[in-house]
Amino acid sequence: MSEFTHDILILGSGIAGLRAALEISMQSDGKVDMGIISKVQLMRSHSVAAEGGTAAVLRPEEGDSFDLHAWDTIKGSDFLADQDVVYRFVKMMPDEILRLDRWGIPWSRKPDGRIDQRPFGGHGYPRAVYAADKTGFFEMQTLYDNLLQYDNVTRYDEWFVTSYIIEDGVFKGLTAFDMATGEFHVFRGKALIIASGGIGRVSGFTTYSHTVTGDGIAMAYRAGIPLKDMEFVQFHPTGLIPTGILMTEACRGEGGYLRNNKGERFMERYAPSRMELAPRDIVSRSIITEINEGRGFPGPRGLDYVHLDLTHLGADKINERLGFIRELTMKFVGVDPVKEPIPIRPVWHYLMGGIDTNIDGKASGVEGVWAAGEAGCESLHGANRLGTNSTAECLVYGNITGNEALKYIDGKELPKFSGDAVQKEKDRIFNDLMKRDGKESVYELRSEVRDIIDKHMPVYRTGEKMKEGLERIRQVKERYKNITVRDKSKAYNTDLVFALELGFMIDVAEVLIAGGLRREESRGGHARLDFPKRDDEKWLKHTVAKYTPDGPEFEYKPVAITTWKPVERKY
Ligand code: FUM
């Protein structure tokens, strides 16, 4: 077992992790030593899948403003966003866009050469900056390219982190194994930035890469860091049937329609002023209502759907701005969107909750840990995120957490730790998990988790279904004790990786369902048929879940309302 030491450790190599690394490199003139650890190769981080754009106020002289971006975000959040966080975010975003521009990103441009922007749901101004429909890919590539000029970064691609070492409330390091060799190692560091993304693969119908299993969030929870607002999950309105591949909201931003089986643009009934560009929670609820009331089309595996119609946009516009979408629909379902509508339905897309942090991205209750991007919950998105605010959050919070971690390590020695935590973790994996010889299959249990989430935590939830879901997930937790890791080899033991991921998935799924069951109201991504209204008197507060071996314990904390009092949401 080797020991690796770095000043700052970054878990995850997506947009948030790379932006943090770049900030630290720039601010320290390449002097602060970093390790970036990721279970995938860098350019396979899920951020590459982001398509439609990144929100920023670029044209105040033409009618956009920080106030408007903040208001859109707060109203979109169903008033659960912390308003101080929102203001800080919107004010930092324009510089992030211009910085990427200088670093070489090929932003799509207007004919006069200025950076172009397009409309997105819930935004009162067309403020989505974009690079065709591959925005995440180009942001990743630009950040990576610029990071290459520094030699203070060591990359550990395809390394699997298993636990954080936190002693006496202070971060000391983490344990991980090199997937190529199976060797178990320890990392020591003065600070950790968790930028490991969300939990999307707890669902079976999702826009997420197979690798997004909530590891970084679950490890924080197990280490005693609370999770916040985990019941708030975003269904993106337009997931391709039957794979769930993201059909970017830019399809509607560029003028696409949603139609039911009667050919009606049904959003007229639900959000007449914004139509297809209402916020995602509202559009997703509307699609499911149409389907439930018999105005959808029958789909495979119960995936009934409606149509995303781009046919009126014309081949030139589709090829120029939505070329990737055309390629995807033609390859995956043989549909050419120039000629035919695309079959879609709401799909699991984003976790508004995550590791509880303060406005600086610092994790609650522990020293030396920050979380950025989807893994962290500084409460920017509240109960419902607006499209394009997520890649934006990765940039802003990569920047903020990079700077905060730098300040924190200044003058600090590498912390020492007892070694007990390492031995305990080694035993957990190699003397317990690897040696279990039970009857349960890791693969069947992974499917079971997904079935539970999809059946019990859909767009419209009920107390009864969530209660059953919680019982089912607790049974899976018990059955997990009887799994077998059949592959005993070392190199690329995906059997072991899947088993560890399954443990993380079970933990986060339990928090998500238990938190949802307690919240007796409908707000943003948490829509309940048995409590159909938002209830500000009882529930204008954040859910905070703390780990205990018997399941999460809950507390609540206030929402920062600095500017706007909650009002009824109409679009
Ligand atoms: O629809 C999209 O392109 C997704 C964007 C987002 O989730 O921010």
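Numbering of residues begins at 1 and proceeds along the displayed sequence. Just so you know, ligand 1 is whichever comes first in the structure, and atom 1 is the first atom listed for that ligand.
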Enumerate donor-acceptor pairs with a distance under 3.5 Å from any side-chain N or O in residues 237-247 to protein atoms, sequence neighbours excluded.
residue	atom	partner	partner atom	Å
T238	OG1	H236	ND1	3.4
T238	OG1	M247	O	2.6
T243	OG1	I245	N	3.3

For ligand 1, what N or O to protein N or O distances fall under 3.5 Å?
residue	atom	partner	partner atom	Å
ligand 1	1 (O)	H236	NE2	2.8
ligand 1	1 (O)	T248	OG1	3.3
ligand 1	1 (O)	E249	N	2.6
ligand 1	1 (O)	R280	NH2	3.4
ligand 1	3 (O)	G52	N	2.8
ligand 1	3 (O)	T248	OG1	2.6
ligand 1	7 (O)	R280	NH1	2.9
ligand 1	7 (O)	R280	NH2	3.3
ligand 1	7 (O)	H349	NE2	2.8
ligand 1	7 (O)	R385	NH1	3.4
ligand 1	7 (O)	R385	NH2	2.7
ligand 1	8 (O)	R385	NH1	2.8
ligand 1	8 (O)	T388	N	2.7

Exercise: do H526 and D78 side chains pair donor with acceptor under 3.5 Å: no

Modelled atom types, side-chain donor and acceptor of S522 and Y460, under 3.5 Å: no

Side-chain H-bond candidate by donor/acceptor type, D157 with Q41, under 3.5 Å: no

Gap between atom CG of L22 and atom OH of Y144 - 0.5 Å precision: 13.0 Å

T562 and D84 side chains, donor-acceptor separation under 3.5 Å: no

